[in-house]
**Q** 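Encoded as structure tokens, here's the structure I'll be asking about.
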Amino acid sequence: MEMRETENTAYARKREFLLCTDICGSALDTLRSRQEQAYCPALVEVFELEEHAQEARRAWMSVALESRLRGGNRFRLLSQACVRIAQQGAAVPGLDGILHWVESGSELTHGALAARVKRGAGPALARALAWSREVNRRLTAMPKECAPFAAVEGCLAAVRAVADVVAMGTGTPAAVRGEWTRGGLSGYTDAVFAAPQDGKAEALIPVFGAGYLPSHMLVVGDTLGDAALAAQAGALFFPILPGREEACWQRLAEEGFPKFLHGSFAGAYEDTLRKAQRSLLP
């Protein structure tokens, strides 16, 4: 069966069960490399933190990978990482202005920030925009390798035999599908959906509204945002824990997915999984 090139507007249920997996940081080992090669060095360069590069790196990696903000909005990550850097004694230019903007309820996107800076938002937000642009430049220049975590391919192959499989990523449709294809996983999915940052729930409306019973939908992801997405859709949730990705996919294949099929996933078992994720992402 061929993977469908969907534009997020049409989706038809084929089987009784659905597994919907997040891509970056869940199925593909791409999240850490993006932080190390794009987000963090851009922070050091644009915010002139060369003398505090080690502190900046530790702060960024902790917030981006090991906190409740993992996988979240880049500007919320920026503000919290800068707060941590400042707490270690480094001067972070524009910090107060960035915090005010992030906490103001404004739209936290690159485009909205660019428009605001064009209208004369001041040096703090101009620096945040310069950082975001540098992040984008570095992401574009990164090598395009997209290796899946060990055990992902075998798990999805087994799941695909009895359930519909959808992959979900953040970015443009071409970028998300290209990443999934380069990861060698396109043969194990029925469709790949793409969404802007914070837009997964809206993008997946055609999937979650395709007629599955709530107990027959399972979301797999590595962030608390993915867990919230599952709850919003009325679906069950299986977390991929940071640093334990291979073991989690093995557990999903050998234990979690069979429980899902046999109706024993919801309740104590899922509660234990969610609690383990929350404990790792404070």
Side-chain angles (χ1 to χ4, degrees), residues 1-28 70-73 107-109 152 155-181 183 185-240 249 252 256-267 269-271 273-274 277:
M1 183 183 298
E2 294 295 324
M3 176 185 70
R4 184 140 36 101
E5 290 289 324
T6 178
E7 289 298 329
N8 295 359
T9 57
Y11 176 83
R13 177 174 65 88
K14 300 181 183 68
R15 303 177 182 87
E16 183 179 354
F17 293 90
L18 165 72
L19 184 143
C20 179
T21 181
D22 171 63
I23 294 177
C24 180
S26 298
L28 297 183
R70 177 185 171 96
N73 182 279
E107 181 182 348
L108 301 180
T109 65
V152 171
C155 180
L156 292 183
V159 169
R160 183 82 185 290
V162 294
D164 294 334
V165 179
V166 170
M168 177 72 224
T170 300
T172 66
V176 171
R177 292 175 193 135
E179 185 175 65
W180 193 247
T181 299
L185 300 174
S186 59
Y188 305 108
T189 41
D190 296 282
V192 176
F193 279 68
Q197 186 73 53
D198 302 327
K200 286 183 179 180
E202 182 178 356
L204 287 168
I205 287 174
V207 177
F208 294 136
Y212 301 99
L213 293 174
S215 61
H216 290 182
M217 299 189 296
L218 180 64
V219 173
V220 177
D222 64 306
T223 72
L224 295 180
D226 295 326
L229 171 67
Q232 182 177 343
L236 302 171
F237 180 67
F238 187 96
I240 302 300
W249 280 99
L252 176 60
F257 190 69
K259 284 181 175 290
F260 171 60
L261 292 178
H262 298 134
S264 57
F265 189 100
Y269 181 74
E270 183 184 18
D271 291 344
L273 296 175
R274 286 178 174 270
Q277 184 190 42

**Q** Nearest 0.5 angstrom please: Phe257 CZ to Leu218 CG, how far?
**A** 7.5 Å
**Q** Mind checking the CG-SG spacing from Asp226 to Cys20? Nearest 0.5 Å is all I need.
**A** 8.5 Å
**Q** Can you see which heavy atom on Tyr11 is nearest to which on Ala210, and at what distance?
**A** CD2-CB, 3.7 Å
**Q** Within a strict 4.5 Å, meaning less than it, do heavy atoms of the Val219 and Leu236 side chains meet?
**A** no
**Q** If you round to the nearest 0.5 Å, how far is CG of Asp222 from CG of Leu28?
**A** 11.0 Å
**Q** With side chain to side chain contact (heavy atoms under 4.5 Å, CB included) as the test, would you mind laying out the steps for Leu18 and Arg13 before giving the verdict?
**A** CA-CA 8 Å; Leu18 165 72; Arg13 177 174 65 88; over 6 Å; no
**Q** Taking Thr189 for the side chain and Val192 for the main chain, is one N or O donor matched with an acceptor at less than 3.5 Å?
**A** no
**Q** Closer than 3.5 angstrom, by distance alone: can the side chain of Asp190 be matched with the main-chain N or O of Val165 as a donor-acceptor pair?
**A** yes
**Q** Go through the steps to decide whether Tyr188 and Val159 satisfy the test side chain to side chain contact (heavy atoms under 4.5 Å, CB included), and finish with yes or no.
**A** CA-CA 9 Å; Tyr188 305 108; Val159 169; over 6 Å; no
**Q** Under the 3.5 angstrom rule, does the side chain of His262 hit a backbone N or O of Pro258 as a donor-acceptor pair?
**A** yes
**Q** Indicate yes or no: at least one non-hydrogen side-chain atom of Leu224 is less than 4.5 angstrom from one of Arg70.
**A** no
**Q** Can you see which heavy atom on Ala230 is nearest to which on Phe237, and at what distance?
**A** CB-CB, 3.8 Å
**Q** Without swapping roles, check the side chain of Trp180 against the backbone of Leu185 for a donor-acceptor pair under 3.5 Å.
**A** yes
**Q** Please say whether the positively charged group of Lys259, taken as NZ for Lys or CZ for Arg, lies over the ring of Tyr269, i.e. under 6.0 angstrom from the six-membered ring centre and within 45 degrees of the axis.
**A** yes
**Q** So, do Val166 and Thr21 sit near enough that their side-chain heavy atoms are less than 4.5 Å apart?
**A** no
**Q** Could you measure the distance from the CG atom of Leu19 to the CE atom of Met217? Nearest 0.5 Å is fine.
**A** 12.0 Å
**Q** Would you name the heavy atoms of Gln277 and Ala227 that are closest together and state the gap between them?
**A** OE1-CB, 3.7 Å
**Q** Rounded to the nearest 0.5 Å, how far does CG of Leu261 lie from CD of Glu16?
**A** 9.0 Å
**Q** If you take all heavy atoms of Gly256 and Phe265, which pair is closest and at what distance?
**A** O-CD1, 3.4 Å
**Q** Distance check, rounded to the nearest 0.5 Å: Thr223 atom OG1 versus Leu229 atom CG?
**A** 8.5 Å
**Q** At their closest point, which heavy atom of Ala203 faces which heavy atom of Met168, and how far apart are they?
**A** CB-CE, 4.2 Å
**Q** Hey, do the aromatic rings of Phe17 and Phe260 have their centres closer than 6.0 Å?
**A** yes
**Q** Of the non-hydrogen atoms in Val176 and Ala194, which two are nearest, and what is the gap between them?
**A** CG2-CB, 3.8 Å
**Q** Whether Arg15 and Asp164 form a salt bridge (side-chain N of Lys/Arg under 4.0 Å from carboxylate O of Asp/Glu) is what I want to check.
**A** yes
